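Nothing fancy with the numbering, it's 1 onward along the sequence. Below, all heavy atoms of this structure are taken into account, side chains as well, without hydrogens, waters or symmetry copies. Fair warning: this is a prediction, and the values are worked out from it, not measured in the lab. For ligands, and for the atoms within them, numbers begin at 1 and follow the listed sequence.
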Amino acid sequence: MMKQKLSLYFVMGSIDCTKDPLAVLDEAIKGGITMFQFREKGKGALTGIEKYRLAEKLLERCRMYNIPFIVNDDVDLALALQADGVHVGQEDEVAERVRDRIGDKYLGVSVHNLNEVKKALAACADYVGLGPIFPTVSKEDAKQACGLTMIEHIRAHEKRVPLVAIGGITEQTAKQVIEAGADGIAVISAICRAEHIYEQTKRLYEMVMRAKQKG
Ligand code: TPS
């Protein structure tokens, strides 16, 4: 179930978009995304009521199409909106505490190595987001790229953990990422920076699904 939802995980906030975020999300949904994360972060990001209002609009869209709506690093917002889950990094509110606060909503944790995967599982995470796999332009404080071998390494030791790979993933690399053992890809720029978002998303979706069928 979770592994299916991780297939094409779209992560986005207003500063990632060159046009109306709602229009971007609409096209991405029509293109086939299977999960969405609202990540309103970085210089110029919305805060307070503006952040809330945008989240509310995006959530409504996700609900219409049955796409799980995950909030990045803001448990209060997730609870206020009755979102489907929360995603946290290693520096954010520790996973155990988030799990206590959100009950059985989805909990995702960013990880960079096997040790962090084990810790995330101990905190009852529903999935882990491994990355950056490749260099990324979308995260200011991103760690060094860990490469495809880190996916293989984690998969060899944790055969069943729901794992989505993130960071610099494109149409060109999606197949290798799945073949290395990821259950899906999470992307910001591959969708947000595409000239034709619907077509690009559809291609990414088909790519991932084809690669998953083979594995
Ligand atoms: C599921 N994270 C790692 S690399 C990156 C982000 C946001 C940038 C990707 O952008 N796993 C999940 N959600 C997260 N927010 C993270 C990890 C953290 P691009 O696709 O443009 O390279």
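At a cut-off of 3.5 Å, with distance as the only test, no side-chain donor of Q4 or T34 sits close to an acceptor on the other residue. Counted by atom type alone, Q200 and R203 present one or more donor-acceptor pairs between their side chains at under 3.5 Å.
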Kindly indicate, with the supporting measurements, whether the criterion side-chain contact (heavy atoms from CB on, under 4.5 Å) is fulfilled by I33 and Y205.
CA-CA 7 Å; I33 61 165; Y205 177 80; over 6 Å; no

Evaluation steps, side chain to side chain donor-acceptor pair (under 3.5 Å), between K5 and Y127
CA-CA 10 Å; K5 292 188 169 128; Y127 72 88; over 6 Å; no

Would V11 and H87 count as a side-chain contact (heavy atoms from CB on, under 4.5 Å) here? Give the steps.
CA-CA 11 Å; V11 179; H87 184 93; over 6 Å; no

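Backbone and side-chain nitrogen or oxygen atoms of I188 are examined, and one is located within less than 3.5 angstrom of a nitrogen or oxygen of ligand 1. Residue S189 has at least one N or O atom closer than 3.5 Å to an N or O atom of ligand 1. In terms of polar-atom proximity, Y9 is not counted as a contact of ligand 1, lacking any N or O under 3.5 Å from an N or O of the ligand. Residue contacts with ligand 1: S138 is placed with a nitrogen or oxygen under 3.5 Å of a nitrogen or oxygen of the ligand (distance criterion only).
In terms of protein heavy-atom proximity, atom 16 (C) of ligand 1 is closest to S110 OG, 3.3 Å. For atom 14 (C) of ligand 1, the closest non-hydrogen atom on the protein side is H87 NE2, 3.5 Å. The protein non-hydrogen atom at the shortest distance from atom 7 (C) of ligand 1 is R39 NE, 3.3 Å. What sits closest to atom 13 (N) of ligand 1 on the protein, heavy atoms only, is Q37 NE2, 3.1 Å. Protein heavy atom in closest approach to atom 6 (C) of ligand 1: K139 CD, 3.4 Å.
Using a cut-off of 4.0 Å between Lys/Arg side-chain N and Asp/Glu carboxylate O, K41 and D16 are scored as not salt-bridged. A salt bridge between K143 and E91 is present, with a side-chain N of the basic residue lying under 4.0 Å from a carboxylate O of the acidic one.
With a heavy-atom cut-off of 4.0 Å, F134 does not touch ligand 1 at all.
Contact between G108 and ligand 1 is absent, with no heavy atom of the residue lying under 4.0 Å from the ligand. Residue N72 places a heavy atom less than 4.0 Å from ligand 1. The shortest separation from a heavy atom of A142 to ligand 1 is not under 4.0 Å, leaving the residue out of contact.
For R63, the CZ atom is densely surrounded, since the number of other residues' heavy atoms within 6.0 Å is greater than 12.
Within ligand 1, the atoms closer than 4.0 Å to a non-hydrogen atom of G167 are 22 (O), numbered from 1 in the order shown. Listed by number with element, the atoms of ligand 1 under 4.0 angstrom from any heavy atom of V187 are 20 (O). Residue T136 has at least one heavy-atom neighbour below 4.0 Å for each of these atoms of ligand 1: 8 (C), 9 (C), 10 (O), 19 (P), 21 (O), 22 (O).
The two atoms that bring M207 and A174 nearest to each other are CG-CB, 4.2 Å, heavy atoms only.
Remark: side-chain polar atoms of K159 are paired, donor with acceptor, to backbone N or O of A156 under 3.5 angstrom.
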